[in-house]
Amino acid sequence: MLRILFFILTILILGFGFAWLADRPGSLSILWQGQLIEMSLMVAASILLAIVAVFMFLWWFVRTLFTSPHSVRRYFRARTRDRGYQALSTGLIAAGAGNAALAHKMSARARGLLRADQEPLILVLEAQTAVIEGRHDEARRLFQQMADDPETRELGLRGLYVEAERLGAHEAARQYAETAAESAPYLPWAAKATLEYRCRVGNWDDSIRLLDQQRVAHVLNRAEAERLKAVLLTAKAEDRLESEPVAARDNALQALKLAKDLVPAAIVAAKAYLREDNLRKASSVLEQVWKLNPHPEIAHAYLRARGGDSAVDRLKRAERLESLRTNNVESLLIVAEAALDAQDFAKARAKAEAAARMHSSERVYLLLADIEEAETGDQGRIRHWMAQALKAGRDPAWVADGYVSDKWLPLSPVTGKLDAFEWKVPFDQLEGPVEEGAVSSATIALETLPPVSTVDVERVATAAAPVTAVPAAEAAPPAAPVEPVPARDERKPKPEQSPEPFFGRPPDDPGVREGAQPRGGDQKSRLKLF
C-alpha cells in the first residue's frame, strides 16, 4: 500500500514539474569546445531525466552482476530450507499420530536439510520420535538439552516432568515443576503440579502465594482462583485450630468471604468462636451458611454448640434452623432427630414422614425405625422400615474420584486434585435394590405399614412403667390353697400362633441394634445397617 502511494506521489510531482516548465518557456544555450548548443528548457529537462534513468539502470545491472553468486546460493538455500520445513512439519504430524517409522524418517531428513542449532523444532521432533519408539533414555537426553537452551527451556522441563511422572520419580517431577513455575508461573501444568505438591506436604502459605501468582498471570479466572484460595485457607485453618484458634478463625472467615457456602470453613470458624466462648457469633456463622447450603454437619455443629443443653433445648435450636430454611429435607430430618431425643414422638414421626415423602433415603427410613423402636417397640413395624431402608437410595457423603471419606479433605487422596471432594451420593450407590421393576416409594411404604401390635405396646408400657415399693404387709397375700399342677400331657394346649412377618434382620441381631439400652432409660437404641 505504501509503495503504491509513493509511486502515485512521484508521478504527481513529475507532472507538476513539467507543467510548471511548460508555463514558463525559455531556451538553454551551452558552449562546449567551440560549439554552441541551443535547446528549449523542456527538452533540456527531458534529456536530464533520461540520463538519470540510464545511470540508475546501469547501477542496477552492475550490482546484480556482482551479487549474482550470492543470490544463486541464497535461492538454493531457501529452497533447501523450504524442503526441510516441509519434512519437519510432516514429521511432527506423524509423531502426533503415533507413526514412529514416518516420524523417524522425516526427523533424519529434516536434520540433513536444516541446522539443529538454528531450528529447535528438530530436537522436539527427535524427542517425540524417541518417546513413541520407546527410547526413553534418548528422549530424556534431548529434553535435558532443550532445558539448557533458554529458547526451549519450558518445553524441555515439561518433557522431563512427564518422563519423571512416568517412571514414578515424584520428587524429581516436583523439582522440574517448581523450576518451571518459578521462571514461568503462567504455565498451567507447572503451576498446578507445584500447587498439588505443596498442598500434599501441608505448605499452605506457599500454595496460597503461588495461587495468587497464577491469578495475576491469568492462568485461572477470578471465580476459580477465589474458590481454590478459600479451600487452601480452610485447610490452613483446620491445621491451626488446636494451636492457634484465633488465627484459624481469621483464616476460616476469610475463606467464607471468598466462598460463602463452604461448609468446612463455617464449621472451623464456629469451633474457633466456641473456644473463645462466643456462642452468638458461632451460631451466626452457621446460620448464614445454613441458609445457602443446608448440610447435616452444619446442623450437628449448631445443635451441639452448647454442651449443657438438654434435649428440649436442642429441639428448639433445630426448629430455629427449620425456620431459616423451610421445606427442606435436612431441616425436617434435624427436627425429627431432635424431637426423638426429646421424646416428642408425634413431632418426630410427622417430620420424618414429611421428609420421606419429599426425598426417601436410607437415613429417613432408619430414623423412622428408631422412632418406632422408641415409641411402640412393634417389631413388625421396625422390620418394615428396615426393609425400606435396604431398598432406598443411599445417603450423600464426601466423595472425590470414587473415594468416599467420613470428613471433608482439601485434596483427593487418589489423584491429589485440589477441591475434589463433593457432597453427593456415591456413584456406585445411586439406588437401592429394585423389586418388581420399581424402587418402593415413601407413599407406598406408609400405606403398607403394618398396624401396631397390642402385645408390643403392652410390653413397652410395662417396661416403661415405674416400679414402686410395696409394704411387706401388703406384699404378702393370704395363703391360698395350692391346687395340684397337672402333668405335661394333661395341660391344655395353647393355640398355635402364626409367626410375625420377617422384613429384615431380627431386632436382637448385633448388626441391627447398636448400643441397645432399656426402652425406659435415657439412652435409646439406634438402628443401623451394615
Side-chain angles (χ1 to χ4, degrees), residues 67-197 210 214 217-220 415-417:
T67 59
S68 57
H70 176 70
S71 300
V72 172
R73 288 197 304 269
R74 185 173 58 183
Y75 168 77
F76 285 106
R77 187 165 57 246
R79 183 180 178 185
T80 302
R81 185 176 63 250
D82 292 342
R83 292 171 56 195
Y85 278 116
Q86 181 63 37
L88 186 61
S89 175
T90 305
L92 289 174
I93 295 174
N99 190 346
L102 182 58
H104 186 78
K105 179 181 178 180
M106 292 296 106
S107 175
R109 179 179 297 180
R111 178 170 283 276
L113 297 173
L114 300 174
R115 295 176 58 183
D117 56 344
Q118 295 180 354
E119 184 48 65
L121 284 177
I122 295 179
L123 294 177
V124 177
L125 177 57
E126 291 179 349
Q128 293 298 324
T129 304
V131 169
I132 61 178
E133 288 181 346
R135 296 181 287 110
H136 297 286
D137 294 339
E138 179 67 16
R140 286 193 297 272
R141 184 188 66 80
L142 293 171
F143 284 132
Q144 186 63 50
Q145 185 176 350
M146 286 188 285
D148 296 336
D149 187 358
E151 188 176 1
T152 58
R153 178 180 179 82
E154 299 172 2
L155 181 57
L157 290 173
R158 166 68 173 172
L160 292 173
Y161 170 78
V162 172
E163 286 297 307
E165 284 289 328
R166 184 187 61 81
L167 295 175
H170 300 293
E171 181 63 24
R174 180 188 64 81
Q175 293 179 4
Y176 292 133
E178 289 186 350
T179 303
E182 289 175 0
S183 59
Y186 50 82
L187 293 176
W189 68 269
K192 180 181 178 181
T194 305
L195 186 62
E196 292 178 355
Y197 283 128
L210 179 60
Q214 291 183 5
H218 301 288
V219 176
L220 302 174
T415 60
K417 181 183 177 182

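Please read all numbers here as calculations on a predicted model, not as lab measurements. Note that these values count all heavy atoms, side chains included, but never hydrogens, waters or copies made by symmetry.
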Listed partners of [X] passing salt bridge (Lys or Arg N to Asp or Glu O under 4.0 Å), at least two apart:
X    : answer
E151 : none
E182 : none
R166 : E163
R158 : none

Of all residues at least two apart in sequence or in a different chain, which pass the side chain to side chain contact (heavy atoms under 4.5 Å, CB included) check with [X]?
X    : answer
T80  : L113
L155 : V124, M146
L167 : R140

If I compare all heavy atoms of A190 with all of A180, which pair ends up nearest, and what's the gap?
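Residues A190 and A180, closest heavy atoms: CB-CB, 3.7 Å.
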Distance-only criterion, 3.5 Å: show the donor-acceptor pairs between side-chain atoms of residues 91-106 and protein atoms not counting sequence neighbours.
| from | atom 1 | to | atom 2 | distance (Å) |
| --- | --- | --- | --- | --- |
| N99 | OD1 | L102 | N | 3.3 |

Which pairs with one or both residues in residues 129-187 pass ring-ring contact (aromatic ring centres under 6.0 Å, His included), sequence neighbours excluded?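 Sorted pair list: Y161-W189.
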field: side chain to side chain donor-acceptor pair (under 3.5 Å) pairs, two or more places apart, involving residues 84-98
entry: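 Qualifying pairs: Y85-E119.
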Side chain to side chain donor-acceptor pair (under 3.5 Å) involving E178 - partner list, sequence neighbours excluded
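Scan of E178 (side chain to side chain donor-acceptor pair (under 3.5 Å), adjacent residues dropped) gives R174.
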Under the side chain to side chain donor-acceptor pair (under 3.5 Å) test, which residues partner R141, sequence neighbours left out?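 Listed in chain order: E138.
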Worksheet item: OG/S107 to CG/L88 distance, rounded to the nearest 0.5 angstrom?
Response: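 It comes to 8.5 Å.
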